[in-house]
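These notes are about the structure you will find just below.
Excluded from the calculations below are hydrogen atoms, water molecules and symmetry mates; all remaining heavy atoms, backbone and side chain alike, are included.
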Amino acid sequence: MSAHTPVDPAKLERQKRLEETLKENLRRRKAQARARSEGAERTGLMPDSEEDSE
């Protein structure tokens, strides 16, 4: 007997789409974080500075 179970093609396609969506979301979040970090460095402000909490 094989340990391989039949995979529903619809589930496999959905899983692939979800994986791609999550990867793109991660790329976007990393780019946003880099942009915020670079902006804070340029202005001399850090994201969690006391000026922001007032």
Side-chain angles (χ1 to χ4, degrees):
M1 260 208 189
S2 170
H4 182 273
T5 57
V7 177
D8 181 11
K11 283 186 179 182
L12 185 59
E13 182 62 30
R14 181 177 183 271
Q15 185 176 357
K16 285 182 180 179
R17 286 195 320 264
L18 179 60
E19 183 179 321
E20 288 301 316
T21 301
L22 290 173
K23 284 181 182 179
E24 182 58 36
N25 188 27
L26 180 61
R27 282 187 216 112
R28 192 177 316 118
R29 288 188 353 235
K30 284 185 174 183
Q32 284 179 336
R34 280 192 299 269
R36 286 185 186 132
S37 177
E38 290 172 2
E41 289 174 2
R42 274 189 246 130
T43 61
L45 297 175
M46 295 307 291
D48 295 322
S49 70
E50 290 182 22
E51 294 175 0
D52 292 340
S53 64
E54 289 183 21

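- In this structure, R28 has no salt bridge (charged side-chain N to carboxylate O under 4.0 Å, His left out) partners at least two apart in sequence or on a different chain.
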Just distance, no hydrogens or angles: give the donor-acceptor pairs under 3.5 Å from side chains in residues 8-23, sequence neighbours left out.
residue: D8; atom: OD1; partner: A10; partner atom: N; Å: 3.4
residue: E19; atom: OE2; partner: K23; partner atom: NZ; Å: 3.3
residue: T21; atom: OG1; partner: R17; partner atom: O; Å: 2.9

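- The side-chain contact (heavy atoms from CB on, under 4.5 Å) check on L26 picks up R29, K30, with sequence neighbours excluded.
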